[in-house]
Amino acid sequence: MKRIYLDHNATTPVDPEVLDAMLPYFKELYGNPSSIHIFGQEAKRGMEHSREQIASLINADTSEIVFTSGGTESDNLAIKGTLSSGHARGKHIITVNTEHHAILNQANYLEQQGYKITFLPVDKHGIISLKQLKESITEETAIISVMLANNETGTLQPITEIGEIINNICAGSKSSRKIFFHTDAVQAAGKIPIDVKKLNVDLLSLSAHKIYGPKGIGILYVRKGTKIHPIIHGGHHERNRRAGTENIPGIIGMGKAAELAVKNLISENRQLRKLRNKLWNELSKHIPYIYLNGPELKPESASSVEEKRLPNTINISFEYIEGESILLNLDLIGIAVSTGSACTSGSLEPSHVLSAMEIGPVRSQGSLRFSLGKDNTEQEIDYVINELPGIISKLRIMSPLFEQYKQNKKE
Ligand SMILES: *Cc1c(COP(=O)(O)O)cnc(C)c1O
């Protein structure tokens with residue numbers, strides 16, 4: 001049976017070049033980078049090379065890259081690390097309803113600890129209102145965290161503009177304490193260009209396993225002059241920002257993955273948009289009652305900067321049936337997709353992202369996320385286009401919701 005992987009926003013396969021770069025660091029290059037001898041120095045050299053590769057991906061300086069255990073830890077270090085630094089204004093945090101659970105559940109926890117949280121709403125495309133953001137900032141606001149690209153829908157937030165608003169407010173303020181600005185760029189990396197200077201952010205999270213690197217390694221970009229406290233205490237690693245012996249094979253893998261992402265970004269972006277658009281155009285031609293969730297798709301010929309979404313992600317609602325049933329039927333023929341976020345799959349709770357976009361329960365329950373990757377071929381997409389309409393009509397025949405809908409239409 002064919003196996004077609006269309007769930008790259010959950011995780012990506014490790015690129016063979018990445019694995020090759022890592023292997024020596026499991027074998028002969030096993031030193032601890034804190035050691036003075038040659039074993040330690042080799043490991044350290046590899047680690048510093050990786051820092052350069054990652055810094056190039058986001059236009060940062062190597063001193064601004066802090067290695068962590070992944071996107072979740074980076075998101076935690078960004079928020080908890082700035083709150084405890086003593087340099088943030090007060091006890092107010094602003095974030096968005098559609099963030100990843102690494103941010104949302106952290107915010108819920110901090111709320112229990114006495115912080116005040118503003119969860120900004122989004123419009124039907126999943127985008128926040130800059131006016132609302134501006135109005136929610138107070139003298140107490142310590143940190144604002146808004147993701148660059150959403151993992152479920154691919155929606156992009158206006159990060160540069162948010163950064164400008166924050167800079168203007170801080171420039172006009174007498175207080176020496178700061179409003180920190182963090183973005184979770186885990187899904188954006190490798191898919192769209194990222195430039196920390198243009199984005200006006202202080203802190204930015206990345207994870208290797210979403211860019212064809214290994215799991216369990218990520219970075220937090222910490223802009224020069226931005227003071228954070230560690231959340232894991234121990235040795236003086238990572239300039240006192242994250243203790244613990246570094247995950248050298250992981251670090252080497254992430255560096256290589258970042259290098260490949262820089263090299264292939266433009267061509268992959270175009271290829272992904274081409275396949276994504278074909279998938280949507282054909283499915284919407286052959287299947288009735290389906291809806292695209294998130295911002296509109298631009299043709300492949302349009303510049304990628306015109307799009308307010310990622311090139312690889314489409315979230316589609318198939319009305320009157322459940323996304324879970326479609327997912328299981330696709331799985332039976334070897335096609336891997338997802339419903340909602342990876343965390344909520346297995347339960348029938350509607351996705352918090354689609355709910356925040358005020359997509360009603362019927363459309364939300366019937367939603368599927370297709371997230372394409374660099375190795376998907378046009379033949380694979382054609383296979384999905386051929387198979388899916390049959391699955392949908394079979395499921396609709398069995399669906400009481402669809403029966404009811406047809407009855408109502410007749411009356
Ligand atoms: C996957 C993901 C994370 C978590 O990263 P891990 O490395 O798996 O901890 C955080 N934010 C977003 C948007 C993600 O997609």
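Note that ligands are numbered from 1 as they come in the structure, with each ligand's atoms numbered from 1 the same way. The basis for the numbers below is simple: all heavy atoms, side chains too, and nothing from hydrogens, waters or symmetry mates.
Of the protein's heavy atoms, Gly71 N, 3.4 Å lies nearest to atom 6 (P) of ligand 1. From the protein, the heavy atom lying nearest to atom 11 (N) of ligand 1 is Asp184 OD2, 2.6 Å. Regarding atom 4 (C) of ligand 1, its nearest protein heavy-atom neighbour is Thr72 OG1, 3.6 Å.
Note: Tyr289 and Phe402 have perpendicular aromatic rings, judged against thresholds of 30 and 60 degrees for the angle between ring planes.
Close approach of ligand 1 to Asn151 is summarised as follows: ligand atoms under 4.0 Å from at least one heavy atom of the residue are 13 (C), 15 (O). Listed by atom number, the atoms of ligand 1 under 4.0 Å from Gly70 heavy atoms are 7 (O). Close contacts between ligand 1 and His209 involve ligand atoms 6 (P), 7 (O), 8 (O) [criterion: under 4.0 Å to a heavy atom].
By the criterion of a heavy-atom distance under 4.0 Å, the side chain of Met147, and not its backbone, is placed next to ligand 1.
The shortest side-chain heavy-atom distance between Val186 and Asn151 does not fall under the 4.5 Å cut-off. Glu319 is listed as a side-chain neighbour of Tyr291, based on a closest heavy-atom distance under 4.5 Å.
With a 6.0 Å cutoff to the six-membered ring centre and a 45° limit on the axis angle, Arg396 does not count as a cation-pi contact of Tyr320.
Remark: the Lys210 side chain and the Thr11 side chain contain no N/O donor-acceptor pair separated by less than 3.5 Å.
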